[in-house]
Amino acid sequence: MKERYTENNKTKSAGKEIQMMNDQSLDGIINYLQKQTNNEIEKEIDFACSSCYDFQSYPPINVSIFEDKDKYFRSQNKPNSWFCLYFKNHQVIPTYYTIRTYGSNTNSHPKRRVIEGSNDDSSWTNLDTQNESPHLLKGWIVHTFNINNSNSYKYIRMRKTGKSKNNNVSLLIDSFEIYGTLI
């Protein structure tokens with residue numbers, strides 16, 4: 001049986017590399033930190049968003065609850081909606097990210113989006129842009145996208161940049177995972 005993630009500790013300063021083993025899995029940095037904190041991910045990551053449709057039901061932390069498909073994030077229907085991960089005790093050098101769409105709402109998938117990184121929560125670097133992504137057009141789709149990057153970041157943000165199939169600008173997503181190096 002294969003391990004769910006691979007850890008390489010070449011040098012202490014290089015960090016912990018968590019490689020993508022399967023582009024359909026959610027076994028990256030967030031999952032690793034979930035396990036390290038006994039499912040208390042808030043000890044390692046703060047989750048923020050531009051707005052929330054209902055913070056009690058659809059908070060941004062739900063993007064890290066991979067096992068429960070009834071837990072998902074949904075923003076209000078406002079342009080440039082986003083959620084953000086703040087790594088409290090680490091930085092990440094992202095190489096891939098995986099999205100799982102939410103199942104029941106097939107018209108609000110994030111086919112237009114950017115993934116951004118920051119170290120100060122004010123100036124952002126574009127890590128990936130998808131303008132008409134054909135990969136996330138149905139419910140419960142899992143797809144992994146490449147990030148060409150060699151820099152480390154404290155903040156990783158996903159921002160919706162256009163309308164969905166139903167002309168909705170809200171951001172609706174079940175799960176979000178990052179692969180790369182945890183420093």
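The chain is numbered in sequence order, starting from 1.
The shortest heavy-atom contact between S152 and I183 is CB-CD1, 3.9 Å. Across all non-hydrogen atoms, the minimal contact from N146 to D128 is O-OD1, 3.7 Å. For T95 against G180, the heavy-atom pair with the smallest separation is OG1-CA, 3.4 Å. Listed here is the closest heavy atom pair of Y153 and T125: OH-CG2, 3.5 Å. Listed here is the closest heavy atom pair of P110 and L172: CD-O, 3.8 Å. Minimum interatomic distance between I141 and H135 (heavy atoms only, all atoms of both residues): CG2-O, 3.0 Å.
By the 4.5 Å heavy-atom criterion applied to side chains, L33 and H90 are counted as neighbours. Proximity of M21 to D27: side-chain heavy atoms (C-beta onward) are nowhere separated by under 4.5 Å. Residues Y53 and S170 form no side-chain contact, since every pair of their non-hydrogen atoms from C-beta on lies 4.5 Å or further apart. At least one side-chain heavy atom of I99 sits less than 4.5 Å from a side-chain heavy atom of R113. Proximity of F47 to Y86: side-chain heavy atoms (C-beta onward) are nowhere separated by under 4.5 Å. Within the 4.5 Å cutoff, the side chain of W140 has no heavy atoms near those of the S175 side chain. Residues V92 and L85 form no side-chain contact, since every pair of their non-hydrogen atoms from C-beta on lies 4.5 Å or further apart. Residues K111 and L137 meet the side-chain proximity criterion, which asks for heavy atoms closer than 4.5 Å.
Between the CD1 atom of I18 and the OG1 atom of T181 there is a distance of 8.5 Å, given to the nearest 0.5 Å. Considering CG of L182 and NZ of K16, their distance stands at 7.5 Å, rounded to 0.5 Å.
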Stepwise side-chain hydrogen bond (donor to acceptor under 3.5 Å, both in side chains) check, D54 with S57: CA-CA 5 Å; D54 176 353; S57 300; 3.1 Å; yes
Passes side chain to side chain contact (heavy atoms under 4.5 Å, CB included), L127 versus N151? Steps please. CA-CA 10 Å; L127 303 175; N151 297 318; over 6 Å; no
Under the side chain to side chain contact (heavy atoms under 4.5 Å, CB included) criterion, do F87 and E44 qualify, and how do the steps go? CA-CA 6 Å; F87 293 86; E44 291 289 337; over 6 Å; no
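Listed for the R100 side chain is a donor-acceptor partner under 3.5 Å among the backbone atoms of F66. Using a distance-only test at 3.5 Å, with no hydrogens or angles considered, no donor-acceptor pair links the side chain of N131 to the main chain of R112. Between the side chain of K88 and the backbone N or O of E42 there is at least one donor-acceptor pair closer than 3.5 Å. Panel note: side chain S51, backbone Q76; a donor-acceptor pair is recorded below 3.5 Å. The backbone N or O of L26 lies less than 3.5 Å from no partner atom in the side chain of T98, so there is not a single donor-acceptor pair.
Residues I147 and I30 share a single hydrophobic cluster, defined by chaining ILVMFWY side chains whose heavy atoms lie under 4.5 Å apart. Clustering ILVMFWY residues whenever any of their side-chain heavy atoms sit less than 4.5 angstrom apart, transitively, puts Y155 in a cluster other than the one holding F73. Residues Y179 and I45 do not share a hydrophobic cluster, clusters being chains of Ile/Leu/Val/Met/Phe/Trp/Tyr side chains in contact below 4.5 Å. Hydrophobic clustering of Ile, Leu, Val, Met, Phe, Trp and Tyr side chains at less than 4.5 Å, counting indirect connections, keeps M20 apart from L136. W82 and I61 are not part of a single hydrophobic cluster, where members link through side-chain heavy atoms under 4.5 Å apart.
At most 12 non-hydrogen atoms from other residues, nucleotides or ligands lie less than 6.0 angstrom from NZ of K71.
Residues passing the side chain to side chain donor-acceptor pair (under 3.5 Å) test with S75 are S81, sequence neighbours excluded. Shown here are the salt bridge (Lys or Arg N to Asp or Glu O under 4.0 Å) partners of E116, two or more places apart in sequence or in another chain: R157, R159.
Using the six-membered ring where Trp is involved, Y72 and Y58 have ring planes that are tilted, between 30° and 60° apart. Using the six-membered ring where Trp is involved, F176 and F83 have ring planes that are perpendicular, over 60° apart on the 30 and 60° scheme.
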